[in-house]
Structure formats: structure tokens, C-alpha cells
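A short write-up of the structure that comes next.
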There are 2 protein chains.
Amino acid sequence: MAIRPAEQLIHKAAWLYYAHGLRQDQVASQLNISRASVAMYLRKARETGIVNISTSTQLFTDDVLARKLEDALGLDAVWIAPENAHIADPSTEIAVLAASVFLELVKKGDRIGVAWGRTVYMIADIMSYADLQDVTVVQLCGNLGAPYSYRPDQCTMEIARRLNAKGLNFYAPLVLSTEELARALRAEPVIREQLSGVRDCDLALYSVGAVDADSHLVKCGALTPDEMAGLRSRGAAGVIAGQIIDAEGKVLDCSYNRRVISAELASLRAIARRLMVVQEDSKFEPLLAAIAGGLCTHLVVGARMAQRLLDHAAATTEKAS
Amino acid sequence: MAIRPAEQLIHKAAWLYYAHGLRQDQVASQLNISRASVAMYLRKARETGIVNISTSTQLFTDDVLARKLEDALGLDAVWIAPENAHIADPSTEIAVLAASVFLELVKKGDRIGVAWGRTVYMIADIMSYADLQDVTVVQLCGNLGAPYSYRPDQCTMEIARRLNAKGLNFYAPLVLSTEELARALRAEPVIREQLSGVRDCDLALYSVGAVDADSHLVKCGALTPDEMAGLRSRGAAGVIAGQIIDAEGKVLDCSYNRRVISAELASLRAIARRLMVVQEDSKFEPLLAAIAGGLCTHLVVGARMAQRLLDHAAATTEKAS
DNA sequence: CACAGCTCTCGACAAAAGTCAAATTGGGCA
DNA sequence: TGCCCAATTTGACTTTTGTCGAGAGCTGTG
């Protein structure tokens, strides 16, 4: 009776406690175990997603600002994390919100495309566990060999783990040293398949990167600070899934981009729900570029960023009229 | 600060507690209210569906028996409620399970068709609250004037209330005294619209009724016990949404059926997900009829009933071969 | 066959959550 | 204006839940 008490008992305990509303001691006597064990099973049940506790993110969309932004930018939904003085860490708040929103957007059977970066990894890390069936998490771009813990494959795998889903990793470097090699690699069946599979995703999760010396692309050695500065002066406005985009959200015509192995922007746009999360206030221009490029339908940002976006949209409209 | 503390505060408290994982006293000090208030808000949040606690019903489909039944009967999914000696009330267990399954099947934006009966009402009564947006609950058949608390409109409204959804009621009697009147009423735009709207449902919830003197149709005076017995001898095998079906699951050709205002079986079959819940062991034949008629894709039953269904299916197959 | 090594289990204590009657507040109404 | 009603809030109390270290049971190994 003592071997592998696991699954079955956890399920039963969770069922009696959460669905029937029994108390822990009642569950304990039903199952002939101690109450302490019941408490432990329940914790496991929550940790593995057998029970699911989710809170509505309604509050954050109800915001008048959020509504205005949806209209102004033509987005499907916007969530705005408050940034009051007494909120410890706004960027955590944004990540927590993003995790909830993400879980709200995922459905059974979905195929989810995930990019990488500090933001995405932070969301993955905060996200509660769920027991989605038949969900596949696919990596949107090649890997970086960096020692960071938020490498593309890490992000994908961690999210897959949290959702109890299948993770589809991408076994290619993000950037190659020559364009020829990149072209050849892209043509490889394994890679080609993965890249074309991106179109079939139902949901995408990513952030946008800044074009500066702090960028991960620089930190990981994919680009030197000088190269980055050069690209910037040639119109680079942001980074999406490892690719550099201009202010209009189009792929910048440059050698770097031609050496990158990543999902094409057109494929990304083919995904019905594209959730973009931006934590840093400094990513205003990159975000504008991403929005201009139609790379997001659902947006999670902080209050300050939201206000800036709205002001910008208003100014643009005014100028146009 | 005290006007309409409601919604806003409930949301915030729920958010801090469930999403951020703060303790109640921490939430209290954040919001400058007493911990007791926080506890109260959290209860309200759970009651209104602002937070959602759901337990996976995996356990009940994992059952080998359930798998076999799915295959044998060609259903999409089967859930089997255990009926061990130490389970207080098997029919409550079935209803609790059905409520969870139902909530698992509902999606945002769905249109849900609901029939009536003791089982359906019991499910509605047990079901926890949720905050689905844009959900519409439609009544599948006309009303009975009976003093029962599980009248068709009650079932519909209660479920709508629990889901925070819109309830679409049916303002017509279930049975009329003459066929002409029923025909005329069915032709009325309001009614016709409601009936044709059934096809657009994404999910249906119903049980099946028995053809005997205990049937609600008899208890409500729609049919006399003698009439019922007569129908039975003419092949009546069950009752679906107020209509009498034969062993093959087709509408029985009889005056009663022609006097009924209800969704056509073809419309019901047009609904993608049809959840049927049967509590009573006595409803074996009616259930067989409903399954034969293709009226259910998802099934929730007790263990004994499941076994009988499987035995029956095995016997039938054997005879055929 | 004894012994680590492992996980699971339990009892007891500490912490957190639920509850209730009393007090307070705001708003409508004479 | 002042009073009353209903709803909300609170402090104090009880109940329920979480946690920790000790112990028990099983497994594989020397």
C-alpha cells in the first residue's frame, strides 16, 4: 500500500477537498491517511496543476487607459499593470500579470510559439502550473550558447514543464558566421520543418528587445557593441525573436539578419493570438516598431508605458488630421 | 473611499492573494483594511467566479472502464463516478463530477443549450461560480408550469447565473393541448428564432428521462400514467428535452410529440459537444436509446451504469459477429 | 542478510484563515 | 437637520491548515 501513493491519491485528495469541499481531516479519514499527508498531497496537486487556481485579469483590462489603447492601436486586448509607489517591483507585477494572462489565453490542444529573453523567462518562472492536455510549446528561434539561464531553449522547456506540455526545441544556433551557412541550415529538413511549423501555432508569447549595448545579442556575443550601434544608425529599432526590425516593424536588411535562424515575421503574424509583454520603460521605440509591424494582438505593459503609447498615438493622429 | 468598495477591492484582494501569493494580513495592510475584510472579499471573489478553482477530472477518464466505453460506444469522452460502499451518495458524486466536467468543457464565447430535469438542476445547484465572458445559455425546450424548482427556465437561469452569462429563456409551454396550436406557435417568429438558434450552440447539457409513471412529464400533468404506459408499449424508450424517443433514438411518432415545443433532435445533433449526465441506474434503456440516436458525445455516469453499458455493448458485438 | 538510501507518513506545534457579534459608516428620508 | 436602515468593517475568538523533524517501510547492494 505504500508504494507509489502518488498520482491516484493526489487526485482523490484534491477531488474531495476542492470539488466536494471537505475539510482536510475529513479527506484524511476518507482516505485513511493522516491529515498532514493530505496537506502535502494538496500542495502537490496545486504544484502539478491537478487543481487550477486562476484569478480573472479583468481588473487590468477594465482600466479606461487599457480600453483607449486597444482602440488607438487596434489591438485585441491590452492589460495594464499599475505602477504605484507602494508596489514593490513594477516589473515583477508585469510578469505576474503576463503569466496570468498567458494562462488565460492558452487552450487545450494549442500549439504555442515562445521566444526568449529575460521577460519571457521571468514569466515562465512565475507562472503557476497547469495540466493542459495536448499542448505543444515550440521554440521560435535558434539558440544562443550563452551561460544565461534564459536561453531560447530554456524558456521553451520551462514553459512546457509548467503546462505539462510537450516542448519542441530548436537545435540550431541563433546566429551563424556566414550567410551561406545560415541559408544551408535553413534548408535542412529538420530546421525547415520547425520553422514552417511556426505558422500553425495558435498563440505566441514574446517580448521585444532593445537595440543597444545592453541587448542580449551583444551580451551573448552575437553582435559587438559597435555593430549594434551601426545597425541602430541604419534604422534598427528593435529585436523580435532574435531578428532586428526597423521602425516599421519590417526585418532590417542587413547581414546579421541574413545570418539568423528564426521564424519569419510573416509566420509570426500568421499566429492568431500574439501576446507581447514589455517590462522596461526603455523599450518604447522597440515596442512601437513591433506594434507597427503587426507583431502583437495582445499586449501587457506597465502604466507608464501605456500612457506613453497613448500620448504618442494621440500626437500621431493629431498630426495626420 | 467607501462608495462601491465592492468590485475593485475584491479584485485587488483576490489578485494580491491568489496571483501574488501574499498572506491575508499582507493583503490587508497593502489595502489598508482589516484582515477580516480581506477574508470576506476573498470569499466573495470565489463566489462570484473572480477566482476560479478547478480540479482536473482526469482521474475519472483515466479509468480503464471509461476508455473501453469510449471505444465501445464511439463517444468522445466518458467520465465514470465511483460508487464504492463508503461514498455517501453516488448520485451527488455524479452531479459534482458532471459540474466539473461541464465547467471544463465550457469556453469563452460559447453558446450553451440546456435542457431540464432533476439531474440538470442538481448540477446547476452544485456547480461553482465562474466568470465566463460572452457566454449565452439557451433553453432547449418549452416550459412546464409545475411547481417544481427544476423547471426548464429555472435550470437555464441558474446555470446562466453561475457562469455570469446571459440566459435566453423560452417563453412557450412545453406541451400544448392540440397539434394545430403547437404548429402555429412553432411558426411564431420569436419561437422559431429560439428553436433555430439551437443549431448554433457549441455545447449542450442534458440528461435523459425514463418512460414511466415517475417521469416528470407525468408528475407535471403533461401525460397521464396511462398515456405514458401506452406510449411505452408503442416503443417509447426515453425522454430528451421533453420529447419522447424510441429505442433507436428517433422521435416517436405520436400525438404527444407533435404537441411539444422543443428543439428538434437534428438540431441537438448539430451541436458539437453534447454532454449527457445520467444519475439513476434505472435509466439504462433510455440512455441506450439516447446513445443510439447519437444524442451524446460526452457522457458522465456512475460505475454500475458504465459496467452495464459495456456488458451490453460486448453482448451486442458478439451477437453480430 | 544487514545496511544505507530513498521516499512516504505521522504527530505536534505554529501559522494562517474563517467566523461572529458589535461598532461604524454612509445615504436616504421625514 | 437629524434619525434610521442597511451594508460594511473590525477585533477577538475558534477552527483549519501548513510545516518540520522523527520514524517507518521498501529497495537495491555489498
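All heavy atoms count here, side chains included; hydrogens, waters and symmetry mates do not. So that the names make sense, note that chain A is the first sequence line, chain B the second, and so on, each numbered from 1.
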Exercise. Heavy atom of residues 16-25 of chain B under 4.0 Å from DNA chain C: which residues?
Worked result: B/Tyr17, B/Arg23, B/Gln24
Seminar exercise, completed: Shortest non-hydrogen pair, A/Met122 vs A/Gln279, comes out as SD-NE2, 3.3 Å
Exercise. Which whole-number value in Å describes the distance from B/Leu31 CG to D/dT8 P?
Worked result: 16 Å
Exercise. Reckon B/Arg35 touches a base, only the sugar-phosphate, or nothing at all at heavy-atom distances under 4.0 Å?
Worked result: base
Problem set entry | For atom NZ of B/Lys44 and atom C1' of C/dT19, their distance in whole Å | 15 Å
For this session: Could you check how far CD of A/Glu47 sits from P of D/dG18, rounded to whole Å?
Result: 12 Å
For this session: Output yes when a side-chain donor or acceptor of B/Glu83 lies under 3.5 Å from a complementary backbone atom of B/Ala303, and no otherwise.
Result: yes
Problem set entry | Phosphate OP1/OP2 of C/dC8 contacted by A/Tyr41 side-chain N/O (<4.0 Å) | no
Exercise. From the list D/dG18, C/dG18, D/dT19, which nucleotide is the closest neighbour of the side chain of A/Arg46?
Worked result: D/dG18
Seminar exercise, completed: Nearest-nucleotide check on DNA chain C, B/Met40 vs A/Ser34; residue mapping nearer the 5' end is A/Ser34
Exercise. What integer distance in Å separates B/Leu9:CG from D/dA7:P?
Worked result: 18 Å
For this session: Taking the six-membered ring for Trp and the single ring otherwise, decide whether the centroids of A/Trp116 and A/Tyr206 are under 6.0 Å apart.
Result: no
Exercise. Under 3.5 Å, side chain of A/Ser37 to main-chain N/O of A/Ile33, donor-acceptor pair present?
Worked result: no
Problem set entry | Residue list, ring-ring contact (aromatic ring centres under 6.0 Å, His included) with B/Phe170, at least two apart or on another chain | none
Exercise. D/dT17 P sits how many Å from A/Ile53 CD1, rounded?
Worked result: 13 Å
Exercise. Do side-chain atoms of B/Asn164 reach the backbone of B/Leu132 as a donor and acceptor pair under 3.5 angstrom?
Worked result: no
Problem set entry | For atom CD1 of B/Ile33 and atom C1' of C/dT25, their distance in whole Å | 15 Å
